[in-house]
2 protein chains.
Amino acid sequence: MSDVARLAGVSKMTVSRVLAGHSVAPATRERVQQAIDELGYVADAAAGALSSGRSEFVAVLVPSLASSNFSDTVRGLSAALEPHGLQLLIGDTDYHLDREENLVRSMLRHQPRCIALTGSRHTEATRTLLRRAGVPVVEMWDFPSDPIDAAVGFSNVNAAREMVRYLAGRGHQRIGFIGGASELDRRGLDRLKGFRMEMKALGLDAGRVIRLGDSPITMSHGGPAMAALLEAWPDTQAVMCVSDMSAFGAIMECHRRGIKVPDDIAVAGFGNFEVAACCMPSITTISVDAYGIGLRTGAALLAALEAYEQGVVRHAGKRIRVDYEVVTRESA
Amino acid sequence: MSDVARLAGVSKMTVSRVLAGHSVAPATRERVQQAIDELGYVADAAAGALSSGRSEFVAVLVPSLASSNFSDTVRGLSAALEPHGLQLLIGDTDYHLDREENLVRSMLRHQPRCIALTGSRHTEATRTLLRRAGVPVVEMWDFPSDPIDAAVGFSNVNAAREMVRYLAGRGHQRIGFIGGASELDRRGLDRLKGFRMEMKALGLDAGRVIRLGDSPITMSHGGPAMAALLEAWPDTQAVMCVSDMSAFGAIMECHRRGIKVPDDIAVAGFGNFEVAACCMPSITTISVDAYGIGLRTGAALLAALEAYEQGVVRHAGKRIRVDYEVVTRESA
DNA sequence: TTGAAAGCGTTACCAG
DNA sequence: CTGGTAACGCTTTCAA
């Protein structure tokens, strides 16, 4: 910066002002800009952050970047925050809460302006770290009764219940559920919980549950899970899958066995992934606006940032509900 | 840090040493650690970076986080670099070179230790920025003859040629190609180029090309593209698709029309995405180890970092070739 | 509108 | 093995 200042014949402060877009005489600004271009000067963000006491980072934690759900949410966040000069610091927890804790710890070292995480389950240490960080926090993809700070999402339990009601409304009674075997995917577990609750509420058998493969289960688990389900309860009329990925695998298994979907058995998914609209039969599913969750989380974060500048310290548990809906297609 | 030092009864320097894992008397270290835990102290990475002149960032640029190819590569990079205390700064260029340029510019402000980008096409300004940055650069997913620094990838042109040879070897002569219409996806364009080159080399008609939809085309474009291809050249025997996503869409369109794959028409994909193995018929494709590209890029970056410490300044165009192979399945 | 000086929280360097 | 001091490159604050 000194070099630029010298070349432009001004002080460092003026260079700093030009960079920050503060008021500088047009002629001076011009000269400084030329010096910057000539030297290929790039300001050091670390020095700026240290000096001003504020970074331009936003920490974002998702369970998996490989899931289009979460990568869409990240894109939404990026779209909302980048125009404000904020940089995403993205972490992939791989569905592990202790990995989340480590990532939070390491990201906190960069003094992020705010933090977005997925889900409402975190280790106690994570909660403590977050509290101490003293910056806005938004939890995404869930609708917790007691958010750390703010939350943007929906109830996976209720969404699953709605799907059960839809299937029952189509006349199905012997309904099964396919999901992952591990306890890592909280949203998957919530969907299972919703399935059980609603089945019981309807007076139906809530026991036809196959849990197979590490969560989140993908396409390749859907087939074996469907096979297991048919073996255990051959008279099943409909299957609700924890995601469209497993639903697709399940449908392919039906094809292989000559079982017609939906005539012989109905299959529903969750998430409205691209494959659900394209495959045959197309998959009836719950549609969630993943990109919108990112956008709205970004907006909530910006609002909280604004409030912080003015001294407000907590959202006081503000929750933003994101809509979902049953998308009726061919498979159920 | 002063607070911690005071509580532990040592100087800031000793606290710094404990944090950095430098040699400190066990008893002292213990006391310092206790003070750190008690205060919930988190070191400021910006200050550290400023003082030491080196950040712990690695800039990573991919065309899209939504593509499992690239998200797998990011996971590989993360797996290779995180154990070394490096933080990924991930940017999604959305396939635009000018967005890439802006992202590089903004990431450079954080003084990344090294940079990984996708492809070998960049704006002139990007190249200049990268050169001036003076840090190791690796280009991924291509095998350029003149890499900026190092490269980890394979020739998309040659891979596509191999697929053409495979299809021709199965007795097909009237072979079509389905890809995106825009010029953004360079790897997609390289595959088309390879298709044309090899078809000509084999003395076959290289003109059966349908380009439709923004690149990279996804599942939903495959159907319309296949429809257009069948309309233009109804006697087509085989179709090579720019990716498994479009191949899947194309196969679904065949289903809808009662056209049997591969009996009436063979369809091949590219990338070996999960859907290729699960769908029916399963898709013959080119398999690429996306995660491995990330791992190997990470390793190359670490090696370059090591070399830099010792004063070596360039890789001198080192290229690491990543294998690909035709995976024969049912569709072709 | 511009400049000078102080200081952000850490690490490098040199002493003890 | 430990401590003091001087940067690191910026922005804040105050003065001109």
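None of the values given here were measured: they were computed from a predicted structure. Residue numbers start from 1 in every chain, and the chains themselves are labelled A, B, ... in the order their sequence lines are given, proteins ahead of strands.
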The side chain of [X] is closest to which nucleotide in this list: [options]?
| X | options | value |
| --- | --- | --- |
| A/Met1 | D/dC10, C/dA4, D/dT2 | D/dC10 |
| A/Tyr41 | C/dG9, C/dG3, D/dC10 | D/dC10 |
| A/Arg17 | D/dG3, D/dC14, C/dT1 | D/dC14 |
| A/Thr28 | D/dG9, D/dT11, C/dT2 | C/dT2 |

### B/His122 versus B/Glu139, side-chain donor and acceptor atoms under 3.5 Å
yes
In whole angstrom, give the distance that lies between atom [atom1] of [X] and atom [atom2] of [N].
| X | N | atom1 | atom2 | answer |
| --- | --- | --- | --- | --- |
| A/Leu19 | D/dT11 | CG | P | 7 Å |
| A/Met13 | D/dC14 | CE | C1' | 11 Å |
| A/Arg54 | C/dG9 | CZ | C1' | 18 Å |
| A/Lys12 | C/dA6 | NZ | C1' | 11 Å |
| B/Arg31 | D/dC1 | CZ | P | 14 Å |
| B/His110 | D/dG9 | NE2 | C1' | 15 Å |

### Query
So, is A/Thr14 close to the C/dG3 phosphate, meaning a side-chain N or O under 4.0 Å from OP1 or OP2?
yes
### Message
Is the phosphate of C/dG9 approached by B/Ser51 (side-chain N or O, under 4.0 Å from OP1 or OP2)?
### Response
no
### Message
Once you apply a heavy-atom cut-off of 4.0 Å, does B/Gly48 come out as touching a base, just sugar-phosphate, or nothing?
### Response
sugar-phosphate
### Query
Are B/Arg99 and A/Glu82 within salt-bridge range, i.e. N to O under 4.0 Å?
yes
### Considering all heavy atoms, the nearest A/Ser78-A/Pro83 contact
O-CD, 3.9 Å
### Query
Taking the nucleotide of DNA chain D with the closest heavy atom to each, which residue, A/Ala47 or B/Pro26, is nearer the 5' end?
B/Pro26
